[in-house]
Colleague: 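Have a look at this one before I ask anything.
Proteins get letters first, then strands, A, B, ... in listed order; numbering begins at 1 in each. FYI, side chains are in, hydrogens and waters are out, and symmetry mates aren't considered; it's all heavy atoms of this structure.
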Amino acid sequence: MPSEFRLILKNADQPGYTSDIECYLRHGGYEQLKKALGTAGRDLADGKKQSPQEVVRKEVLDSGLRGRGGAGFSAGLKWSFVDRKSGKPIYLICNADESEPGTFKDRQIIHKDPHQLIEGMIISCWANDVKLAYIYIRGEMPQGAKLLNKALAEARAKNFLGKNILGTGYDLEIYVHRGAGAYICGEETGLIESLEGKRAYPRIKPPYFPAVLGLYMCPTIVNNVETLCHVKHIVAMGASEYAKLGTPNNTGTRIVSLSGDVKRPGYYEIEVGKATLGELINDPAFGGGLRDGRKLKAIIPGGSSSKVLKAGEVFKLKRKGTDGQMTPVDVPLLDLPYDFDSLQQAGTMSGSSAIIVMDDSRDIVDCLANVSEFYAHESCGQCTPCREGALWMSKALHRMTHGEGRKADADYLLHIAQNIQGRTICAFGEAAAWPVLSFVKKFREDFEARGATDEAKHDASVPQKISASSNH
Amino acid sequence: MSFTVPTNIEVEIDELITHYPVKRSASLMLLHAIQEHFGHVSREAIEWVALKLGLQPINIYELVTFYPMFRQEPLGKTHVKVCRTLSCSLAGSGELRDHFCRKLGLDSHKHGPQTTPDGKFTVEFVECLADCGNAPVVLVNDELQARVTTVQADEIIEKMPIK
Ligand SMILES: Cc1cc2nc3c(=O)[nH]c(=O)nc-3n(C[C@H](O)[C@H](O)[C@H](O)COP(=O)(O)O)c2cc1C
Ligand code: SF4
Ligand code: FES
């Protein structure tokens with residue numbers, strides 16, 4: 001039987017567990033910080049020495065920890081790209097923008113266990129020689145910002161933060177910085193611009209990789225809230241024990257946000273890959289199934305930017321056979337293990353680990369129109385294909401959901417979407433195009449039927465009504 | 001009328017500026033502080049913030065027009081933000097917003113924030129509020145309300161303190 005495995009959220013929902021530091025300390029809080037600060041350096045076989053910080057960085061690399069914000073990039077590898085020879089200060093920013101539609105996991109950590117994040121951050125900062133760090137929290141979480149400020153003050157009062165932390169000579173400050181309602185601030189270079197007091201216009205990579213040219217053009221680490229929490233547990237367990245959680249190349253645990261048409265929407269922490277999409281949706285330990293009498297229609301598996309999956313799809317996944325060879329195996333949608341690699345092989349992504357379920361009562365055109373409106377509203381406006389294309393697709397879908405569809409709209413939408421992806425400064429372009437590409441390709445008949453019905457209606461009522469919106 | 005910021009707010013603002021090695025970084029935090037106190041960010045406030053940070057007013061103005069949370073006009077005392085995005089929409093947030101509009105005599109076909117003539121309420125659709133498991137979600141001023149029904153919506157309207 002699949003079940004939750006709570007590592008990050010171990011304490012969060014326990015009766016009587018509160019967000020204040022005394023409670024956190026009673027539950028072993030800040031012990032891992034002490035352990036990390038006391039790490040001994042190592043002599044390597046080749047005669048080189050590893051500093052205590054390098055030892056912890058290596059542990060994070062060896063743990064296999066992958067970013068929980070969206071891209072699933074190795075945290076240890078990201079840290080290894082940091083330019084440590086530039087002589088410039090190194091900054092760390094915790095990405096608490098949590099704005100990918102469907103995602104509500106970082107909120108749980110911030111509201112219920114803020115000290116866990118702060119401990120993870122302090123360890124990560126120390127391991128990377130960071131003296132100044134920020135938590136960039138989305139503007140619509142005012143209570144979260146207050147809680148974090150209170151928690152930071154408590155940590156400062158106990159000398160886990162500030163000057164000469166616990167007598168080790170290490171100085172660190174962490175401040176909370178609030179966004180103000182723009183989704184694009186979640187993209188790491190947009191976030192950095194925003195933290196510099198500017199419009200959140202993402203920077204082009206290369207050359208502006210944060211690890212080299214980040215905040216104030218200094219080397220900068222941007223990690224998601226959940227990612228930074230895991231660092232604490234890697235220190236606690238050691239890399240090899242930690243890596244036993246989850247599945248190979250998909251280690252540790254992950255908090256899945258489940259919403260839409262299920263009986264028990266909510267957040268569920270699992271060992272990565274140890275539960276399938278079907279279990280997450282249908283098992284009583286998780287989503288508890290669809291509402292009575294309803295059948296599955298579609299799943300958005302990793303936040304609204306990920307490509308939609310259609311009920312009944314079967315995917316070819318590479319699996320290790322008995323002979324040790326990787327061979328393609330047929331895996332039905334609901335049997336997909338919920339991890340980074342399986343979803344990627346299924347042509348989509350686990351993204352921010354947010355699953356949105358749609359049942360057979362839903363109109364797929366309406367759903368895509370809703371998603372597209374989000375991207376039309378949130379494009380930062382720097383690149384023409386994204387700014388114009390996202391709006392254009394949304395307007396066409398608006399027209400389709402207001403009785404003015406055309407049979408040709410399916411191809412029309414695909415054409416626009418194909419001209420956005422790969423032609424923009426940041427990955428928002430893909431985020432806007434992918435839902436359209438996948439919805440239209442997989443549910444083509446729904447789009448064409450909608451267009452055909454509307455066209456028939458119009459043909460019957462001559463002279464044709466020309467409305468302003470029919471020009472899009 | 002000249003624009004003055006109360007001493008306690010200015011003390012808070014001066015402290016915020018110390019959080020950053022480059023003053024300009026404090027822009028958003030200053031705008032939040034100003035908006036929390038005055039209810040909106042006026043032209044005078046923009047100039048004041050710019051002067052405080054050694055910037056041109058345009059540097060601040062372009063933030064106020066970019067970031068959706070900042071507003072240049074005063075809004076209602078109770079600000080109702082209904083989440084529009086998919087999970088909430090599936091749970092009926094469209095009808096919920098219509099309900100708020102109907103009850104308050106606002107036009108549900110209009111886009112953008114709408115304020116009642118008595119200045120008590122502003123109703124607005126916003127994008128995902130990161131609590132989709134509790135859809136439909138409504139942010140009432142700083143307080144997040146989960147799984148909001150029309151009954152709860154009526155309560156929100158009735159609870160509004162009469163000033
Ligand atoms: C359009 C867009 C929006 C994003 N929004 C978020 C977000 O809200 N939170 C987040 O942690 N990462 C977000 N990301 C990913 C970040 O750019 C970055 O990869 C991440 O914060 C790195 O942290 P991680 O390696 O720990 O996952 C977004 C990316 C894009 C392209
Ligand atoms: S892709 Fe879109 S969001 Fe990203 S920089 Fe270009 S216009 Fe802005
Ligand atoms: S969709 Fe409404 S809170 Fe996320």
Side-chain angles (χ1 to χ4, degrees), chain A residues 89 97-107 132 134 138-143 145-146 173 175-183 185 194-201 215-216 257-261 264-267 300 304 354 356-359 362 366-367 370-371 373-374 377-378 380-381, chain B residues 15-33 35-36 41 49 53 55 59-60 62-71 81 83-91 93-94 111 125-137 139 141-144 146-147:
Chain A
D97 196 57
E98 188 149 76
S99 44
E100 176 72 16
T103 321
F104 48 96
K105 63 187 181 72
D106 298 338
R107 167 188 293 283
L132 182 56
Y134 295 93
R138 62 178 297 181
E140 300 90 330
M141 287 190 186
Q143 290 169 339
K146 281 201 190 97
E173 256 318 330
Y175 296 110
V176 173
H177 183 92
R178 293 182 62 201
Y183 167 67
C185 295
S194 180
L195 188 46
E196 290 186 1
K198 301 171 195 160
R199 286 184 166 198
Y201 287 149
L215 186 62
Y216 312 124
S257 313
L258 181 63
S259 67
D261 296 324
R264 284 165 32 98
Y267 47 91
I300 294 176
S304 73
I356 307 174
V357 179
M358 285 155 276
D359 71 24
R362 302 302 178 181
D366 286 350
C367 291
N370 181 291
V371 171
E373 191 174 335
F374 174 82
H377 183 253
E378 299 296 341
C380 87
Chain B
E15 200 274 332
L16 284 170
I17 295 172
T18 65
H19 294 183
Y20 304 93
V22 178
K23 268 182 161 185
R24 183 175 184 170
S25 280
S27 306
L28 291 186
M29 295 302 276
L30 262 54
L31 288 170
H32 276 301
Q35 181 161 291
E36 253 154 51
V41 185
V49 171
L53 297 175
L55 301 168
N59 301 137
I60 301 301
E62 66 173 5
L63 303 181
V64 176
T65 55
F66 182 84
Y67 292 93
M69 276 180 78
F70 298 128
R71 41 186 191 258
K81 295 179 175 176
C83 173
R84 187 207 67 83
T85 318
L86 188 57
S87 305
C88 285
S89 163
L90 295 176
S93 69
H111 286 282
F125 246 164
V126 295
E127 299 300 342
C128 180
L129 290 167
D131 199 16
C132 330
N134 287 321
V137 173
L139 192 63
N141 294 336
D142 277 1
E143 210 181 302
L144 198 70
R147 301 179 197 231

Colleague: Is the side chain of A:His177 donor-acceptor paired with the backbone N or O of B:Ala26 at a distance under 3.5 Å, no angle test?
Modeller: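 Such a contact is absent between A:His177 side chain and B:Ala26 backbone.
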Colleague: When rounded to the nearest 0.5 angstrom, what distance separates CZ in B:Phe125 from CD in A:Glu373?
Modeller: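 Output value for this atom pair is 8.0 Å.
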Colleague: Below 4.5 Å from any heavy atom of chain B, which atoms of A:Ser257 appear? Answer side chain, backbone, both or neither.
Modeller: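 Neither part, no heavy atoms under 4.5 Å.
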Colleague: Select one option (side chain, backbone, both, neither) describing which atoms of A:Cys380 are under 4.5 Å from chain B's heavy atoms.
Modeller: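 The answer is both parts of A:Cys380.
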Colleague: Regarding A:Tyr134 and B:His19, is there a side-chain donor-to-acceptor distance under 3.5 Å anywhere?
Modeller: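 There is no such pair (donor and acceptor under 3.5 Å, judged by atom type) between the side chains of A:Tyr134 and B:His19.
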Colleague: Which answer fits A:Leu132, side chain, backbone, both or neither, if we ask what part of it has an atom under 4.5 Å from a heavy atom of chain B?
Modeller: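 Looking at A:Leu132, just its side chain touches chain B.
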Colleague: Provide the closest heavy-atom pair for B:Cys132 versus A:Phe104 in the form atom of the first, atom of the second, distance.
Modeller: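 That closest heavy-atom pairing would be N-CD2, 3.5 Å.
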Colleague: Is it the side chain or the backbone of A:Lys105 that comes within 4.5 Å of chain B heavy atoms, both, or neither?
Modeller: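 For A:Lys105, no heavy atom lies under 4.5 Å from chain B.
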Colleague: Could you tell me if the side chain of B:Val22 sits less than 4.5 Å from the side chain of A:Glu196, heavy atoms only?
Modeller: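 A:Glu196 does not reach B:Val22 side chain to side chain.
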Colleague: With a 4.5 angstrom heavy-atom cut-off, which part of A:Arg199 approaches chain B: side chain, backbone, both or neither?
Modeller: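 For A:Arg199, the contact with chain B is made by backbone and side chain together.
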Colleague: Please determine, among A:Gly266, A:Ser99, A:Pro89, A:Gly139, the option with the most heavy-atom pairs under 4.5 Å with chain B.
Modeller: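 Among A:Gly266, A:Ser99, A:Pro89, A:Gly139, the one with the most close pairs to chain B is A:Gly139.
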Colleague: Tell me the closest heavy-atom pair linking B:Leu86 and A:Ile356, and the distance in Å.
Modeller: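 Looking at all heavy atoms of both residues, the shortest contact is CD2-CG2, 4.0 Å.
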Colleague: Between A:Cys367, A:Ala180, A:Gly260, which has the largest tally of heavy atom pairs under 4.5 Å with chain B?
Modeller: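 Going by pairs under 4.5 Å, I would pick A:Ala180.
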Colleague: Shorter than 4.5 Å, heavy atoms on both sides: which option in B:Leu129, B:Asn134, B:Leu144, B:Ile60 has the most such pairs with chain A?
Modeller: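 Highest number of heavy-atom pairs under 4.5 Å: B:Leu129.
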Colleague: With a 4.5 Å cut-off on heavy-atom pairs, point out which of B:Ala135, B:Ser89, B:Gly133 contacts chain A the most.
Modeller: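 Option with the greatest count: B:Gly133.
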Colleague: Quick one: what part of A:Pro142 sits under 4.5 Å from any heavy atom of chain B, side chain, backbone, both or neither?
Modeller: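 It is the side chain, since no backbone atom gets that close.
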Colleague: Given that the side chain runs from C-beta out, which part of A:Ala200 has a heavy atom under 4.5 Å from chain B: side chain, backbone, both or neither?
Modeller: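 Both parts, backbone and side chain.
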Colleague: Ring centres under 6.0 Å, that's the criterion: do B:Tyr20 and A:Tyr175 meet it?
Modeller: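 Ring centres of A:Tyr175 and B:Tyr20 not closer than 6.0 Å.
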Colleague: Does the side chain of A:Glu378 reach to within under 4.5 Å of the side chain of B:Cys128, using non-hydrogen atoms?
Modeller: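 In short, these two side chains do not touch, never coming nearer than 4.5 Å.
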Colleague: Can you name the closest pair of heavy atoms from A:Ala182 and B:Phe66 and give their distance?
Modeller: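 Closest pair (atom of A:Ala182, atom of B:Phe66, distance): CB-CE2, 4.2 Å.
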Colleague: For A:Glu100, give me all partners under salt bridge (charged side-chain N to carboxylate O under 4.0 Å, His left out), at least two apart in sequence or on another chain.
Modeller: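 For A:Glu100 there are no salt bridge (charged side-chain N to carboxylate O under 4.0 Å, His left out) partners, ignoring immediate neighbours.
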Colleague: Which bit of A:Glu173 is near chain B, if near means a heavy-atom gap under 4.5 Å: side chain, backbone, both or neither?
Modeller: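 A:Glu173 has no heavy atom closer than 4.5 Å to chain B.
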Colleague: So does A:Arg178 pair up with B:Glu36, basic N to acidic O under 4.0 Å?
Modeller: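 Between B:Glu36 and A:Arg178 there is a salt bridge, with a charged N closer than 4.0 Å to a carboxylate O.
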Colleague: Non-hydrogen atoms of chain B under 4.5 Å away: do they reach the side chain of A:Leu195, the backbone, both or neither?
Modeller: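 Both backbone and side chain.
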Colleague: Checking heavy atoms, do the side chain of A:Tyr216, its backbone, both or neither come under 4.5 Å from chain B?
Modeller: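 Contact with chain B is through the side chain of A:Tyr216 alone.
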Colleague: Checking A:Arg138 now: which residues fulfil salt bridge (charged side-chain N to carboxylate O under 4.0 Å, His left out) with it, not counting sequence neighbours?
Modeller: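 Only A:Glu140 meet the salt bridge (charged side-chain N to carboxylate O under 4.0 Å, His left out) criterion with A:Arg138.
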Colleague: For chain A, which candidate among B:Pro68, B:Cys83, B:Gly94 shows the most heavy-atom pairs at distances under 4.5 Å?
Modeller: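 Going by pairs under 4.5 Å, I would pick B:Pro68.
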Colleague: I'd like to verify something: which residue of B:Gln35, B:Met69, B:Met29 has the highest number of heavy-atom pairs under 4.5 Å with chain A?
Modeller: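 Heavy-atom pair counts peak at B:Met69.
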Colleague: If you take all heavy atoms of A:Gly102 and B:Ser87, which pair is closest and at what distance?
Modeller: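 Scanning both residues, the minimum pair turns out to be CA-OG, 4.4 Å.
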Colleague: Enter the distance from B:Arg24:CZ to A:Lys198:NZ here, rounded to the nearest 0.5 Å.
Modeller: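 Reported to 0.5 Å precision, the distance equals 5.5 Å.
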Colleague: Name the option with the most non-hydrogen atom pairs under 4.5 Å to chain A; the candidates are B:Ser25, B:Ser27, B:Cys88.
Modeller: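 The answer is B:Ser25.
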Colleague: Which bit of B:Leu90 is near chain A, if near means a heavy-atom gap under 4.5 Å: side chain, backbone, both or neither?
Modeller: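 For B:Leu90, backbone and side chain are both near chain A.
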Colleague: For chain B, find which of A:Ser304, A:Gly381, A:Ser194 contributes the most heavy-atom pairs closer than 4.5 angstrom.
Modeller: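 That would be A:Ser194.
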